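Heads up, the thing below is written out as structure tokens.
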Amino acid sequence: MLLSGLLFGILPCRYGYAAQGGRLMQMLTGEDIVSCYVSGIDTYDSVSGQIGQEVVEARVEEQNFPKHTVILIDNSLSITEKNQKKIEEILKGVIAQKEESETVSLAVYGEEIHYLIKDETNTEELLDAVYSIQYENQDSYLTDILYEELEEQKGETEYTRFLIATDGVDNKAIGYTKEELTAYLKTNPFPIYTLGCRYKENDAELENLFAISRLTNSGYFLLDDYEETDSIVAQLNENVMRIELDVPENLRDGSVRSVLLSFQSGQKEEKLIGEVSMPFGIRPETAWEPQTTETEMPIETKEESQEDVLEETQQETVADAFGEAQESQTKGGPDLITILAGVVIVSALLFLLMSNIKKKKTKGEKEEQQNQKKDENVPHRQNVEQKKIEQDRDYEDDRTILVPVQEDERTIFTGKRAAYILTLKDRNEPGRTFRYPLLHRIVIGRKKGEDVNLVLSFDPSISARHCEITVEDDVVYIRDLNSANGTYVNGERVRGKERLETDDEVRFGRSCMIVEISRQNKSEGRE
């Protein structure tokens, strides 16, 4: 009980909720706007908005914008018959008073969730779903259910709120904890209204439940304290307005910025402050051609080219000499013997030069053979070789290049090919691509260390050990490693463990990468 109080705050003597002043319920990011949903503002003369330090245009819509209500009902027998009737009356009132365009989804849950109706606007069909709720003898675990449902709704562009009726927050021995759920809601806020029901000694579970509503600026009610449900219905159907803020192009960088809304009413001013991820601006389409890097020609090819050049030069020299001899005879110049003597001298010089080149070639081949023998004596070669191109520090393309795994290579631990190949393509420089085998875990950072596999040394805003990418049960996840500038997936900061999929955009510091995850066939064993 004490621990729960410290984590989630102390509840008042009477479990109830009374709205006081304006509340910022949710903020959603579009291509070039941020939509702010506000409740509790009854009267105002004007509204102004600010993103960071820039004042932006604010447009107000008080109704007729998309809304979605997700209702989750704990249908275990821990909900008493008296509270079952109250829940039914509340749901009937919420549905009857909803806006015409508002969609509603209704689900019951125990250890698993079951939707009775989804994304419905028809009042009669919604009421039929309410009447069909049946309560069963089962355990119920809200944290897992709610966490997964929040993930399902993540990325929606319409105002989405949850209404939950249960006897409190509880989680499985193996599953999401209430602390993980709380951390998730701090970075992905959804309005969550709660209806609590007493059952035996469940004060701690109710405290955790109502703390979720306080965290999301939403209403919470202990049904056992209410004989009538009209006041609860009225507060659940409170007015919400949408305020759209235009995001200037210079702020469309995916960063997290503060938003300030100011409501002016006569001489009074009420301010609401929140944080939201900025949208990413669309880069202008430009024709891109891959840049070729001048590479040193192999020794054998280079020397053969020199021989060809010398042979051609020799032929040209002899031809020129004979031409000069013929021309000299015609004009009465030097005789043929003198010209031939010059040709012999030039040929001798060319012969000495070619002999010297062949000696160098033979020496290079011997050194290469010795190096190959040394490599054969090494017991194991790493799957991925890292080569750093040492260039002048003034060049902007100083980078680390990874050589991909060959088809017939195996890992030193398992003898199996990598289950996946992770490819990162620089969003701002499409020619900069990194490819790495992903079997269990990859650590990404700026400096090569004991466990840093993928080194991105070109960006000083990347931490030495920035983040890690793992595979768990054939699902790829990314986790920040307490980096200085954070890790972001599709503009949202990674807190804890986030799922990673192909075409996701990941930002490490100032660098933005497009993710591609390709599956590879596993071999059954070591050859």
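Since we're looking at a predicted model, the values are computed, not measured. For the numbers below, each heavy atom of this structure counts, side chains included, while hydrogens, waters and symmetry mates do not. Residue indices begin at 1 and follow the sequence shown.
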Query - side chain to side chain contact (heavy atoms under 4.5 Å, CB included) against V233, all qualifying residues, sequence neighbours excluded - result: I90, Q97, N237
Report summary line: E180 meets the salt bridge (charged side-chain N to carboxylate O under 4.0 Å, His left out) criterion, sequence neighbours left out, with none
Requested in this report: Only one of I41, L261, V38 passes side-chain contact (heavy atoms from CB on, under 4.5 Å) with E270; say which it is.
Outcome: I41
Anything under 3.5 Å between a donor and an acceptor, one on a side chain of residues 151-159, the other on a protein residue two or more places apart or in another chain? List them.
from: E151; atom 1: OE2; to: Y184; atom 2: OH; distance (Å): 2.6
from: K154; atom 1: NZ; to: E498; atom 2: OE1; distance (Å): 3.3

Requested in this report: Can you sort out the partners of E205 under side chain to side chain contact (heavy atoms under 4.5 Å, CB included), two or more places apart, ordered by chain and number?
Outcome: N202
Query raised in the report: For N75, what residues pass the side-chain hydrogen bond (donor to acceptor under 3.5 Å, both in side chains) criterion, not counting sequence neighbours?
Result: Q138
**Report entry** Under the side chain to side chain contact (heavy atoms under 4.5 Å, CB included) test, residues paired with T216 that sit two or more places apart
**Finding:** L185, I192, S218
Requested in this report: Could you name each residue pair satisfying side-chain hydrogen bond (donor to acceptor under 3.5 Å, both in side chains) that touches residues 258-269, not counting sequence neighbours?
Outcome: none
Report task. Please name all residues satisfying salt bridge (charged side-chain N to carboxylate O under 4.0 Å, His left out) with K98, sequence neighbours left out, ordered by chain then number. Result -> none
Query - Non-neighbouring partners of R441 that pass side chain to side chain contact (heavy atoms under 4.5 Å, CB included), sequence neighbours left out - result: V443, D451, R465, E468, T470
Query raised in the report: Looking at residues at least two apart in the chain, or sitting in another chain, which of them share a salt bridge (charged side-chain N to carboxylate O under 4.0 Å, His left out) with K425?
Result: E516
**Report entry** Sequence-distant partners of N485, side-chain hydrogen bond (donor to acceptor under 3.5 Å, both in side chains), two or more places apart
**Finding:** none
Would you mind writing out the side-chain donor-acceptor pairs for residues 58-73 within the sub-3.5 Å range, not counting sequence neighbours?
from: R59; atom 1: NH1; to: D246; atom 2: OD1; distance (Å): 3.1
from: R59; atom 1: NH1; to: D246; atom 2: OD2; distance (Å): 2.7
from: R59; atom 1: NH2; to: E244; atom 2: OE1; distance (Å): 3.1
from: R59; atom 1: NH2; to: D246; atom 2: OD1; distance (Å): 3.2
from: E61; atom 1: OE1; to: R242; atom 2: NH2; distance (Å): 3.2
from: E61; atom 1: OE2; to: R242; atom 2: NE; distance (Å): 3.1
from: E61; atom 1: OE2; to: R242; atom 2: NH2; distance (Å): 2.7
from: E62; atom 1: OE2; to: Y44; atom 2: OH; distance (Å): 2.7
from: K67; atom 1: NZ; to: E99; atom 2: OE2; distance (Å): 2.6
from: H68; atom 1: NE2; to: S105; atom 2: OG; distance (Å): 2.9
from: H68; atom 1: NE2; to: D119; atom 2: OD1; distance (Å): 3.2
from: T69; atom 1: OG1; to: E102; atom 2: OE2; distance (Å): 2.5
from: T69; atom 1: OG1; to: R161; atom 2: NE; distance (Å): 2.9

